[in-house]
Amino acid sequence: DLGTVEPALERSLRTHRVAGMRVAVFDLESDPAGTLEPPATSVAYVDTHDTATFAGFLGGGEIDLRESLGMLDAAAATASRRRRRRTRLALLARLRRERLLGRRDFDERAVLAAVLDELGASPAELVIVNLEDLWGETDPHNVPGTVDGHVNFARRLQYTLEELEDDDALLAVLDRLDAARRRPGGREPEREGGERR
């Protein structure tokens, strides 16, 4: 249900209990000062393969990329950077007020952990995390509208799975998300036989 969706389709999805998608970077762009509250009938994402990575979004690197690809002219890129700066400042202020982010935390991983904590505590059916967000990747998987200007869907992961399993800082972000899912209000997923994940 991302993009342009007819109201009839939204009603049909609800009738058939098909989960919708809630993408945090879209919600943050529209209301960075508002709490991320994906409903129980949704799958929550920070970003998708067709958006900026979280570090690219937070730092505005994807604006630079789109400008370099000729997708934004200089004036549009400048206006986008101003809006993104306001979004980032409002998000940081809100996360600090809600004590999800420390006063001195500025790096993307700390902000991502706070956003995931918020999504994890929501009633969303499922929360999906892009692995590359966990180490602050800035290059997006795909830049919609490009064919030759950007290598889409072809970049190797920066780390092996074994290296990821040994990255304590990365695992701490996932542990925080897991703890948020287990708090009252968060939905703790179940495995077959009722066993918790």
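Met21 and Val18 are members of different hydrophobic clusters when ILVMFWY side chains are connected at heavy-atom separations under 4.5 Å. A chain of hydrophobic side-chain contacts below 4.5 Å, direct or via other Ile, Leu, Val, Met, Phe, Trp or Tyr residues, connects Val25 to Ile128. Under a hydrophobic clustering in which Ile, Leu, Val, Met, Phe, Trp and Tyr are joined whenever their side-chain heavy atoms come within less than 4.5 Å, directly or via other members, Leu131 and Leu119 fall into the same cluster. Taking hydrophobic clusters as Ile, Leu, Val, Met, Phe, Trp and Tyr residues chained together by side-chain heavy-atom distances below 4.5 Å, Phe26 shares a cluster with Val127.
The side chain to side chain donor-acceptor pair (under 3.5 Å) search around Arg81 returns Asp64, Glu67, not counting sequence neighbours. Qualifying side chain to side chain contact (heavy atoms under 4.5 Å, CB included) partners for Arg156, counting only residues two or more places apart in sequence or in other chains: none. Taking Thr35 as the reference, Glu98 meet the side chain to side chain donor-acceptor pair (under 3.5 Å) condition, with sequence neighbours excluded. Not counting sequence neighbours, the partners of Asp133 by the side chain to side chain contact (heavy atoms under 4.5 Å, CB included) test are Val46, Asp47, Thr53, Phe54, Leu112, Asn130. Among residues two or more places apart in sequence or in another chain, the side chain to side chain contact (heavy atoms under 4.5 Å, CB included) test is passed with Asp50 by Thr48, Asn142, Pro144, Phe153. Contacts of Tyr159 classified as ring pair (Phe, Tyr, Trp, His ring centres under 6.0 Å), with partners at least two apart in sequence or in another chain: Trp135. In terms of the side chain to side chain donor-acceptor pair (under 3.5 Å) criterion, residue partners of Glu29 (sequence neighbours excluded) are, by chain and number, Arg84. A search for side chain to side chain donor-acceptor pair (under 3.5 Å) contacts involving Glu137 returns nothing, not counting sequence neighbours.
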Exercise. Kindly indicate, with the supporting measurements, whether the criterion side chain to side chain contact (heavy atoms under 4.5 Å, CB included) is fulfilled by Arg182 and Asp178.
Key: CA-CA 6 Å; Arg182 294 173 189 275; Asp178 181 59; 3.0 Å; yes
Practice problem: Please test Tyr45 against Val129 for side chain to side chain contact (heavy atoms under 4.5 Å, CB included), starting from the C-alpha separation and ending with a verdict. | Solution: CA-CA 6 Å; Tyr45 300 78; Val129 183; over 6 Å; no
Exercise. For side chain to side chain contact (heavy atoms under 4.5 Å, CB included), just list the numbers for Asp107 and Val111, CA-CA rounded to whole Å, side-chain angles, deciding distance to a tenth of an Å, and then say yes or no.
Key: CA-CA 7 Å; Asp107 67 277; Val111 180; over 6 Å; no
Practice problem: Please assess Thr41 against Glu125 for the test side chain to side chain contact (heavy atoms under 4.5 Å, CB included), listing each intermediate value before the final yes or no. | Solution: CA-CA 6 Å; Thr41 56; Glu125 186 70 28; over 6 Å; no
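Rounded to the nearest 0.5 angstrom, Asp73 CG and Thr78 OG1 are separated by 8.5 Å. We find the CG-CG distance between Leu171 and Asp166 to be 8.0 Å, quoted to the nearest 0.5 Å. Distance CG/Asp31 to OG1/Thr87: 9.5 Å, rounded to 0.5 Å. With rounding to the nearest 0.5 angstrom, the OG1 atom of Thr15 is 11.5 Å from the CD atom of Glu10. The distance from the CD atom of Glu165 to the CG atom of Leu161 is 6.5 Å, given to the nearest 0.5 Å. The distance from atom NE2 of His49 to atom CD of Glu132, rounded to the nearest 0.5 Å, is 13.0 Å.
For the pair Arg96 (side chain) and Gly102 (backbone), a donor-acceptor distance under 3.5 Å is present. Without hydrogens or angle criteria, Arg155 side chain to Asp139 main chain gives a donor-acceptor distance under 3.5 Å. Looking only at distances, a side-chain donor or acceptor of Arg109 sits under 3.5 Å from a matching main-chain atom of Leu134. A donor-acceptor pair is defined here as one N or O able to donate and one able to accept, closer than 3.5 Å; such a pair exists between the side chain of Ser122 and the backbone of Ala124.
Taking a 4.5 Å side-chain heavy-atom cut-off between Ile, Leu, Val, Met, Phe, Trp and Tyr, the cluster of Leu89 contains only that residue. Summarising the hydrophobic clusters (Ile, Leu, Val, Met, Phe, Trp, Tyr; side-chain heavy atoms under 4.5 Å, direct or chained), the residues clustered with Leu72 are Ile63.
In plain terms, the two heavy atoms of Leu177 and Leu116 that are nearest each other are CD1-O, 3.3 Å. Here the shortest heavy-atom pairing between Asp27 and Leu36 reads CB-CD2, 3.7 Å. Of all heavy-atom pairs between Ala55 and Gly136, the closest is CB-O, 3.5 Å. Across all their heavy atoms, Glu163 and Thr160 have their closest contact at OE1-N, 2.8 Å. Taking both residues in full, the closest heavy atoms of Pro32 and Ser30 are given as CD-C, 4.0 Å, listed atom of the first, atom of the second, then distance. Residues Val115 and Ala24 share a closest heavy-atom pair of CG1-CB, 4.5 Å.
Using a 4.0 Å cut-off between charged nitrogen and carboxylate oxygen, Arg22 and Glu37 do not count as a salt-bridge pair.
Here salt bridge (Lys or Arg N to Asp or Glu O under 4.0 Å) pairs that include residues 141-150, with residues two or more places apart or in two chains, number zero. Applying the salt bridge (Lys or Arg N to Asp or Glu O under 4.0 Å) test to every pair with at least one member in residues 111-121, sequence neighbours left out, gives these pairs: Arg94-Glu118, Asp117-Arg176, Asp117-Arg183.
For the pair Glu62 and Thr51, the minimum side-chain heavy-atom distance is 4.5 Å or more. In this structure, the side chains of Leu58 and Leu91 come closer than 4.5 Å at one or more pairs of heavy atoms.
A 6.0 Å sphere centred on CZ of Arg82 holds no more than 12 heavy atoms belonging to other residues, nucleotides or ligands.
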